[in-house]
Amino acid sequence: MINPLRVRQLNKAEYTGGTVVYQMCRDIRAIDNDALLYAQELARSKKAQLVVNYVIWNYQWQGATRRLYDWVLPSLQEVEQELRKHNIPLVVTFEEEKLFTKKKFTKVPDHIGAVVIDELPLHFMGKWKEQFLKHNESIPLYEVDAHNCIPVWELSHKQEFAAHTIRRKVHEKLPLFLEDFGKLTMHTANAGLLVTTPEINWTEVSKLVICDETITGTGQFIPGTRAGMKLLKEFFTTTLAMYDTTRNDINIDAQSNLSPYIAHGNISRRRIILELLKYTKVEITDAFDNVQNGSNGKMGSVAAFIEECVVRAEISENFCFYNSSYDTFDGFPEWAKVSLAKASTDDREYVYTYKEFRNAKTHDDIWNAAQMQMVTTGKMHGYLRMYWAKKILEWSATPQEAIKIAVKLNDLYELDGRDPNGYVGCAWSIGGLHDRPWFGRPIFGAVRYMAESGVKKRGDTKAYVEKWLHGKQNLF
DNA sequence: ATCGGCTCGCGCAA
DNA sequence: TGCGCGAAGCCGAT
């Protein structure tokens, strides 16, 4: 049985018969998915049919790129195959126009008895939920946090101020939320349903998707759960041991590279932690030692990885869940807003437009190289993401403009874009979110500054520029 | 190479 | 009420 703390019903409606639908939102996987498992649990208890639905928002919202669907569609195809092994059909629904106008949102079909969604703390889901509840009063709507280790509403009841305030809560509660996942079973109530639900023609679906066709390709990554699990195993055997010392080196790919898989839900962060503990033979209660102070060797890397994979990921979810201004200036902490506003009239040596940033036409080749790494591969090095965003603040007319540009570029080009981690990364860099104030300086005010000299400490910037800006990738 | 100051607010100890 | 300390730092003094 799914831990009931991972589930909440969003209305008071009672089930009176009909098909249970799991509307898959961001957790695109058929295994280790508590929302799917909960939907099956519910359907079984009612002896009801179970269908999984995925909605393609078919208009040009920010982030709808071919690159996104190059990731999503193969992931869904893998999900479809896995689901069919258990007698469960996957259906893809297109929304032809903007969904959230009153006119376009209609009641779900009569044969639907309950809807389960996975939790996603972004605006469009909030609007979708609001509209669903308004137009489908008699259909129970359940939300399952299938994404976080600790359900976002359980970890904290408010927006957390800093990493250190949420870290305590994570360390306290994580051991209570590391139960193994249930297994999907053959859904016998669906007898005959697969026969009448043919397999999806993915070539046709791909043709029907409306998106920005100029941004394509998933770079070095193969989308999907299988590929994600394979990458995880490789990370353990090749990179984990040096994770805490090498991950910030801009020339070495010593990051886990799992974020695109995590963001799209191909793999669950809880599964990653369970596998990590199994592989390293570490108990979770021992894994938090040395998180901050002088960690080294195996424990250092385990602690550093849990810090990134749980603490910082879940503070991002916490921020978006409790602050609806997660992607704008308004969401910044008060001290930073006051300080940035005061500094907004400071002289700027360089001011670039969105287009100049997009085309990597700044005076700074390190910045340009980072931008090109993101544009061509879909993944900028983790350390440089901070430098990159801070320079957008430095070279934009206003902080309001800067956060807009950073969020847009991140949403459009990063494989792990359109995700709480991305919004918090931009807000940390530009708006001092979850950070503390530092000595004042022009444009930044009290927001932490980062200089080129800092990047140079993290590796060979000349080699990085050669590789990503001048395309001499074979030098490595 | 190392260190203190910069500067605000949360959370806990008292 | 006081005090320690903090998402990945910078700068200048020693």
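Each chain gets a letter, A, B and so on, in the order its sequence line appears, and its residues count up from 1.
- Across all strands, Val311(A) comes closer than 4.0 Å to no nucleic acid atom at all (heavy-atom distances).
- dG4(C) and dG4(B) have their P atoms separated by 14 Å, given to the nearest Å.
- When rounded to the nearest whole Å, the span between CD of Glu160(A) and P of dC10(B) equals 11 Å.
- Listed nucleotides dG9(B), dA7(C), dG9(C) differ in distance to Ala163(A); the shortest reach to its side chain belongs to dA7(C).
- Just one of Asp27(A), Asp180(A), Asp34(A) meets the salt bridge (Lys or Arg N to Asp or Glu O under 4.0 Å) condition when paired with Arg271(A); it is Asp180(A).
- Note on Arg441(A): every side-chain N or O is 4.0 Å or more away from OP1 and OP2 of dC10(C).
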Open item on the list: Phe235(A) vs Phe305(A), test: ring-ring contact (aromatic ring centres under 6.0 Å, His included). Steps then yes/no.
Closed with: CA-CA 11 Å; Phe235(A) 169 68; Phe305(A) 186 72; 5.2 Å; yes
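- Among His147(A), Arg6(A), Arg26(A), the one residue that satisfies the side-chain hydrogen bond (donor to acceptor under 3.5 Å, both in side chains) test with Glu119(A) is Arg26(A).
- For the residue pair Arg418(A)/Tyr423(A), the side-chain donor-acceptor check at 3.5 Å is not satisfied.
- The interatomic distance linking His164(A) (NE2) with dA7(C) (C1') rounds to 10 Å, in whole Å.
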Task: Step-by-step ring-ring contact (aromatic ring centres under 6.0 Å, His included) determination, Phe161(A) to His434(A) - done: CA-CA 6 Å; Phe161(A) 174 76; His434(A) 301 151; 8.4 Å; no
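- Using the Watson-Crick or G-U wobble rule with both distances under 3.5 Å, dA1(B) pairs with dT14(C).
- Taking the P atoms as reference points, dA1(B) lies 28 Å from dA7(C), given to the whole Å.
- With both ends at atom P, the span from dC10(C) to dG9(B) equals 24 Å, rounded to whole Å.
- With a 3.5 Å ceiling on both atom-pair distances, dA7(C) lacks any Watson-Crick or G-U wobble partner.
- Within the nucleic acid shown, Ala451(A) comes within 4.0 Å of sugar-phosphate atoms alone, with no base atom in reach, counting heavy atoms only.
- Look at CZ on Phe439(A): it is 15 Å from C1' on dC8(B), rounded to the nearest Å.
- For Arg458(A), the side-chain atoms get nearest to dG9(C) when compared with the rest of dA7(C), dG9(C), dG9(B).
- Contact check, Lys457(A) against dA8(C): no side-chain N or O comes under 4.0 Å of OP1 or OP2.
- Taking atom CD of Glu308(A) as the reference point, atom C1' of dA7(C) lies 9 Å away to the nearest angstrom.
- In this structure, CZ of Phe444(A) is placed 11 Å from P of dC10(C), rounded to the nearest angstrom.
- Checking dG9(C), dA8(C), dA7(C) against every side-chain atom of Asn248(A), the shortest atom distance belongs to dA8(C).
- Atom P of dC10(B) sits at a distance of 24 Å from the matching atom of dG9(C), rounded to the whole Å.
- Checked against dA7(C), dG11(B), dG9(C), the side chain of Lys158(A) finds its nearest nucleotide in dG11(B).
- If you check dC11(C), dA8(C), dA7(C) against the side chain of Ala162(A), the one that comes closest is dA7(C).
- The salt bridge (Lys or Arg N to Asp or Glu O under 4.0 Å) with Glu314(A) is formed by just one residue from the set Arg167(A), Arg269(A), Arg270(A), Lys169(A); it is Arg269(A).
- Nearest to the side chain of Phe161(A), among dC10(C), dG9(B), dC6(B), sits dG9(B).
- Considering only the side chain of Thr165(A), dC10(B) comes nearest among dC10(B), dC10(C), dA8(C).
- In this model, the phosphate group of dA7(C) is approached by a side-chain N or O of Arg167(A) to a distance below 4.0 Å at OP1 or OP2.
- In this structure, the nucleotide among dA7(C), dC8(B), dC11(C) sitting nearest to the side chain of Trp335(A) is dC8(B).
- Side chain of Arg168(A), nearest nucleotide from dG11(B), dA7(C), dC11(C): dG11(B).
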